[in-house]
Amino acid sequence: MKAAIPWAVELAVTVLCTALCSLLFLAVYVQLWLLLHYKQKRLSYQSLLLFLCLLWAGFRTVLFSFYLTSCAQANALQPFPHWLLYCAPICLQFCTLCLLNLYFSQVIFKARCSPEFNRYKIPLHIGFLLTSLAFLIVNLSCILIDNGTDDQHGWITMIRMIFSDCLFAACSISLANNTYRIANMSPAYVYLESKGTSGSQAVVTGSVISVLYILRALYNLVVISIQPENKPSPFSYGWRGVSDHAVTEETNSLEYLIFVIILLFCEFLPMSLMAYFFRAKKLSQNLEPAGMVNSHSFGSRAYFFDNPRRYDSDDDLPRLAGARPERGR
């Protein structure tokens, strides 16, 4: 039975999503050019994450552009183009999640001035790289080997969704742990300020993204546990994954509305937060040229004696005064 949602509302929702994804694409594109204009590193966490956000926004813009013209044309694509439109954005999101985990881990090691970072740097990078490759290979393989029969399609979809959502949940829990550790480390705030951002922005970004991804993973795992033949529901959205489902002419209005709402909250919002957090910043906004923090010497003892902000708080002065007699004794 069709849901009682006017066609004009569906059209307005589609136009809204197309406009939002297009604006995000343009905003990230400008940020990448600003990185070149400010003569910052071309290969860094910032540039990689912005580039992945650009690709995600581009794929989603093309998908909703198809919905504005013809759903049948989007569903008649070959397997690989179909994967690019429907599944590649999820893979891009997972790669951004891994990169954000790596960046927060680096912040924690640098804030602790721990020499162990050099020891664990390569294993961390290799581990997240292999995880991203496994996520990409499994999703691409499941799409290519699916021959379209109902039985095989159901099992392949179940395997793909369980594997993908378990990895999403694990990496999101890791991100939440790193965010909690940053929130309780004052040196991490100083280090992030030296990079032109703030600890509060990092905590908000990590918290919101980890919570949204965990909720989406739980939602999808619950959805695939429902047998579509016995328990038809718009919330199961065809039992194909709520954020990479192919909209067809038979899709009712409620299913499409649920698809759009979850896509906006669980995809557009996290990617927008990451694009804002890693936006390009002028060198004058960085604290390094002012002599406040030198990223190369942050891990050395000189930072703790040469930092002009070590007396920012008046509460530190009585403790320093009380520490002098103890050192004399």
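Computed from a predicted structure; not experimentally measured. Along the sequence shown, the residues carry numbers beginning at 1.
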For residues [X] and [Y]: do they belong to one hydrophobic cluster (side chain heavy atoms under 4.5 Å, members Ile, Leu, Val, Met, Phe, Trp, Tyr)?
X	Y	answer
L85	L263	yes
L16	V62	yes
L32	L43	yes
V222	Y219	no
Y180	V107	no

For [X] against [Y], the heavy-atom pair lying closest together:
X	Y	result
S141	I137	OG-O, 2.7 Å
C21	F268	N-CE1, 4.2 Å
S164	N139	OG-ND2, 3.1 Å
F265	L212	O-CD1, 3.0 Å
V28	A275	CG2-CB, 3.9 Å
T61	S22	CG2-OG, 3.2 Å

Would you check if [X] and [Y] make a side-chain contact, meaning some heavy-atom pair closer than 4.5 Å?
X	Y	answer
S198	Y189	no
V204	V208	yes
L11	L68	yes
M185	R112	yes
R42	L35	no
C166	I162	yes
W56	F25	no
S272	L24	yes

> How are the rings of W83 and F80 set to each other: parallel, tilted or perpendicular (split at 30° and 60°)?
Replying inline: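 W83 vs F80 ring planes: parallel.
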>> Check the orientation of F259 and F64. Use parallel for under 30°, tilted for 30 to 60°, and perpendicular for over 60°.
In response: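 Tilted.
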>> Taking the ring of Y45 and the ring of F278, is the distance between their centroids below 6.0 Å?
In response: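 For F278 and Y45, the ring centres are not under 6.0 Å apart.
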> Does the pair L54 and L50 meet the rule for a side-chain contact (heavy atoms from CB on, under 4.5 Å), with working shown?
Replying inline: CA-CA 6 Å; L54 182 76; L50 287 176; over 6 Å; no
> Has R216 got its NZ or CZ under 6.0 Å from the middle of the six-membered ring of F168, at an angle within 45 degrees of the ring axis?
Replying inline: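 Satisfied, under 6.0 Å and within 45°.
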> Does Y276 have R279 sitting over its ring (NZ/CZ under 6.0 Å from centre, angle to axis within 45°)?
Replying inline: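 Geometry flag: set, cation within 6.0 Å and 45°.
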Over 12 non-hydrogen atoms of neighbours within 6.0 angstrom of [atom1] in [X]:
X	atom1	result
F51	CZ	no
H37	NE2	no
Y29	OH	no
I122	CD1	no

> Passes side-chain contact (heavy atoms from CB on, under 4.5 Å), K195 versus Q46? Steps please.
Replying inline: CA-CA 11 Å; K195 298 300 181 182; Q46 185 180 26; over 6 Å; no
> Would C87 and H82 satisfy side-chain contact (heavy atoms from CB on, under 4.5 Å), going step by step from the backbone distance to the final call?
Replying inline: CA-CA 8 Å; C87 300; H82 183 275; 5.6 Å; no
Test your reading of the model: is there a side-chain donor-acceptor pair from [X] to the backbone of [Y], 3.5 Å cut-off?
X	Y	value
T205	A202	no
E10	L257	no
S210	S207	yes

> Regarding Y213 and Q93, is there a side-chain donor-to-acceptor distance under 3.5 Å anywhere?
Replying inline: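 Distance-only check passes for Y213 and Q93.
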Going from [atom1] on [X] to [atom2] on [Y], what distance comes out if it is rounded to the nearest 0.5 angstrom?
X	Y	atom1	atom2	answer
L97	L92	CG	CG	12.5 Å
Q31	C53	CD	SG	10.5 Å
R181	S105	CZ	OG	7.5 Å
I90	L136	CD1	CG	13.0 Å
L133	C98	CG	SG	10.0 Å
N177	S172	CG	OG	12.5 Å

> What's the verdict on side-chain contact (heavy atoms from CB on, under 4.5 Å) for C171 and N101, showing C-alpha distance, side-chain angles and the deciding distance?
Replying inline: CA-CA 8 Å; C171 289; N101 260 305; 4.0 Å; yes
